[in-house]
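Because only heavy atoms are used, hydrogens play no part in the values below, and waters and symmetry mates are left out as well, while side chains stay in. Convention: sequence-line order gives letters A, B, ...; per-chain numbering from 1.
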Number of protein chains: 2
Amino acid sequence: MTHQTVGHPGLPDDPRAAVTEPTPSCPVEITLDVLRGRWMTLVIRELLREELSFTELRQALPSLSDKVLADRLAHLVQWGVLERRRQPGWPPRTQYALTPHGRRLGPVLQTLWDWGNEL
Amino acid sequence: MTHQTVGHPGLPDDPRAAVTEPTPSCPVEITLDVLRGRWMTLVIRELLREELSFTELRQALPSLSDKVLADRLAHLVQWGVLERRRQPGWPPRTQYALTPHGRRLGPVLQTLWDWGNEL
DNA sequence: CTGAATCCCTGCCGATACTG
DNA sequence: CAGTATCGGCAGGGATTCAG
């Protein structure tokens, strides 16, 4: 963390903390964008336990459709949260594993859990 | 926090941490629901600085429309994040201030900032 | 097995106009 | 001043079908 402004304790001393409209360069927006969308946190939770294949994820989250699962995984790969490893041979198999950056979402989700669990 | 499960380190030992589909009772979903929607984090940021009236918020976030601002404020009041205080007399004036629970969103936003700022 | 393509439905968000 | 009412555009998400 950088140091705090004197006038606004608790807010980062960064120009992006002073924007007056939503912008993709704001770190808070970035994180919320990674987490955005139904099923997203559950997919991440499953992969925090262990790396899984497409089908294993489907079995873990039976009500999640193929299309949405593929969307979520592609989204996370694009953000550098997930690594996708195709296995050669037949039948095809693709393993999904969190990157180091992705694994650091664990504490973030814990923070969200704790606040939501308050009161 | 409660203690951790042995088999799944880093995940809360709570039935709600094992759900297989999105549910409103999950604390993570609760927090993300509070934070959901465009402009929401900026509105909260403004109120973390100091309590403000409707018009002061409009001035702080000029591109935010009346309707959406009213929606966001009502949403936050309903979640117990904001307290709404009507001043008697004319012209009408309504002050919005974070509750203690709402003020604890400061560290949550900081966590989101830090992760999004990584790399 | 691991997706991509398509269709449809819903809910969000913005703009505008209006009221106590 | 502090909202509400109404409308329309657009993107998200689910079901189904098809392909490498």
Side-chain angles (χ1 to χ4, degrees), chain A residues 19-24 26 29-30 32-44 46-47 50-79 81-97, chain B residues 19-24 26 29 32-44 46-47 50-79 82-97:
Chain A
V19 292
T20 61
E21 47 187 287
T23 160
C26 169
E29 301 279 335
I30 289 173
L32 287 178
D33 193 30
V34 169
L35 262 26
R36 172 161 358 189
R38 213 154 119 85
W39 297 99
M40 188 57 92
T41 59
L42 293 180
V43 170
I44 293 170
E46 292 304 318
L47 291 165
E50 53 178 343
E51 56 176 83
L52 294 167
S53 67
F54 193 88
T55 297
E56 286 168 338
L57 277 165
R58 267 202 310 209
Q59 290 168 347
L61 305 170
S63 306
L64 172 54
S65 75
D66 290 3
K67 181 211 176 221
V68 175
L69 176 55
D71 285 352
R72 296 294 173 267
L73 293 172
H75 189 246
L76 292 173
V77 168
Q78 205 149 12
W79 276 106
V81 167
L82 244 52
E83 186 195 2
R84 175 175 154 168
R85 289 198 299 268
R86 294 178 180 276
Q87 319 281 25
W90 192 265
R93 173 159 249 246
T94 312
Q95 286 288 120
Y96 290 92
Chain B
V19 293
T20 60
E21 48 187 285
T23 161
C26 169
E29 301 279 334
L32 288 178
D33 194 31
V34 169
L35 263 25
R36 172 161 337 173
R38 213 155 121 83
W39 297 101
M40 188 58 92
T41 60
L42 293 179
V43 170
I44 294 170
E46 292 305 317
L47 292 166
E50 53 179 342
E51 57 176 83
L52 295 167
S53 67
F54 194 89
T55 297
E56 287 168 337
L57 277 165
R58 268 201 310 208
Q59 290 167 347
L61 305 169
S63 308
L64 173 54
S65 75
D66 289 3
K67 180 205 176 232
V68 174
L69 176 55
D71 286 351
R72 295 293 173 269
L73 292 172
H75 189 245
L76 291 174
V77 168
Q78 205 149 11
W79 276 106
L82 244 53
E83 186 195 1
R84 175 177 156 169
R85 288 197 299 268
R86 295 175 181 277
Q87 319 281 26
W90 190 267
R93 175 156 252 253
T94 312
Q95 285 289 120
Y96 290 91

Engineer: Mind checking Arg36(B) for me? I need base, sugar-phosphate or nothing, with any heavy atom below 4.0 Å counting as a touch.
Structural biologist: nothing

Engineer: Which of these nucleotides, dG3(D), dA15(C), dG14(D), is closest to any side-chain atom of Ser65(B)?
Structural biologist: dA15(C)

Engineer: Between dG3(D), dA2(D), dG14(D), spot the one nearest the side chain of Asp66(B), thanks.
Structural biologist: dG3(D)

Engineer: For the backbone of Arg38(A) and the side chain of Arg72(A), can you confirm whether one donor and one acceptor N or O come within less than 3.5 Å of each other?
Structural biologist: yes

Engineer: Quiz question: by atom type and distance under 3.5 Å, do the side chains of Arg85(A) and Gln87(A) form a donor-acceptor pair?
Structural biologist: no

Engineer: Could you state the CE-P distance from Met40(B) to dG14(C), rounded to the nearest angstrom?
Structural biologist: 12 Å

Engineer: Given side chains that start at C-beta, do those of Leu61(A) and Leu69(A) come closer than 4.5 Å, heavy atoms only?
Structural biologist: no

Engineer: Find the distance Phe54(A):CZ to dG3(C):P and express it as a whole number of Å.
Structural biologist: 6 Å

Engineer: Within the pair Thr94(A) and dG3(C), is there a side-chain N or O less than 4.0 Å away from OP1 or OP2?
Structural biologist: yes

Engineer: Given dC1(D), is OP1 or OP2 found less than 4.0 Å from the side-chain N or O atoms of Arg86(B)?
Structural biologist: no

Engineer: Report yes or no: is there a donor-acceptor pair, N or O only, under 3.5 Å between the side chain of Lys67(A) and the base of dG13(D)?
Structural biologist: yes

Engineer: With DNA chain D as reference, determine whether Arg72(A) or Thr55(B) sits nearer its 5' end, using the nearest nucleotide of each.
Structural biologist: Thr55(B)

Engineer: If the threshold is 4.0 Å, N to carboxylate O, is there a salt bridge linking Arg93(A) and Glu56(A)?
Structural biologist: yes

Engineer: Both Leu64(A) and Pro92(A) contact DNA chain D. Taking the nearest nucleotide for each, which residue is further toward the 5' end?
Structural biologist: Leu64(A)

Engineer: Round to the nearest Å and state the distance from Leu69(B) atom CG to dA15(C) atom P.
Structural biologist: 14 Å

Engineer: Expressed as a whole number of angstroms, how long is the span from Glu56(A):CD to dG3(C):P?
Structural biologist: 13 Å

Engineer: So does Arg58(A) get a side-chain nitrogen or oxygen closer than 4.0 Å to the phosphate oxygens (OP1/OP2) of dG3(C)?
Structural biologist: no

Engineer: Report the distance from atom CD of Glu21(A) to atom C1' of dG14(C), rounded to the nearest whole Å.
Structural biologist: 13 Å

Engineer: What's the closest nucleotide to the side chain of Arg38(A) if the choices are dA2(D), dG14(D), dG3(C)?
Structural biologist: dG14(D)

Engineer: What's the CG-P distance between Asp71(A) and dT2(C), to the nearest Å?
Structural biologist: 16 Å

Engineer: Name the nucleic acid region contacted by Trp39(A), choosing base, sugar-phosphate or nothing; use a 4.0 angstrom heavy-atom cut-off, strictly under.
Structural biologist: sugar-phosphate

Engineer: Please step through side-chain contact (heavy atoms from CB on, under 4.5 Å) for the pair Glu46(B) and Leu52(B), ending with a clear verdict.
Structural biologist: CA-CA 8 Å; Glu46(B) 292 305 317; Leu52(B) 295 167; 3.9 Å; yes

Engineer: Given dC13(C), dG14(D), dG3(D), which nucleotide is nearest the side-chain atoms of Val68(A)?
Structural biologist: dG14(D)

Engineer: Rounded to the nearest Å, what distance is computed from the CH2 atom of residue Trp90(B) to the P atom of nucleotide dT19(C)?
Structural biologist: 14 Å

Engineer: Tell me the interatomic distance from Gln87(A), atom CD, to dG20(D), atom P, rounded to whole angstroms.
Structural biologist: 22 Å

Engineer: Give, for atom CD of Gln95(A) and atom CG of Leu82(A), the distance between the pair rounded to the nearest 0.5 Å.
Structural biologist: 11.0 Å

Engineer: Would you say a side-chain N or O of Tyr96(A) is under 4.0 Å from OP1 or OP2 of dG3(C)?
Structural biologist: yes

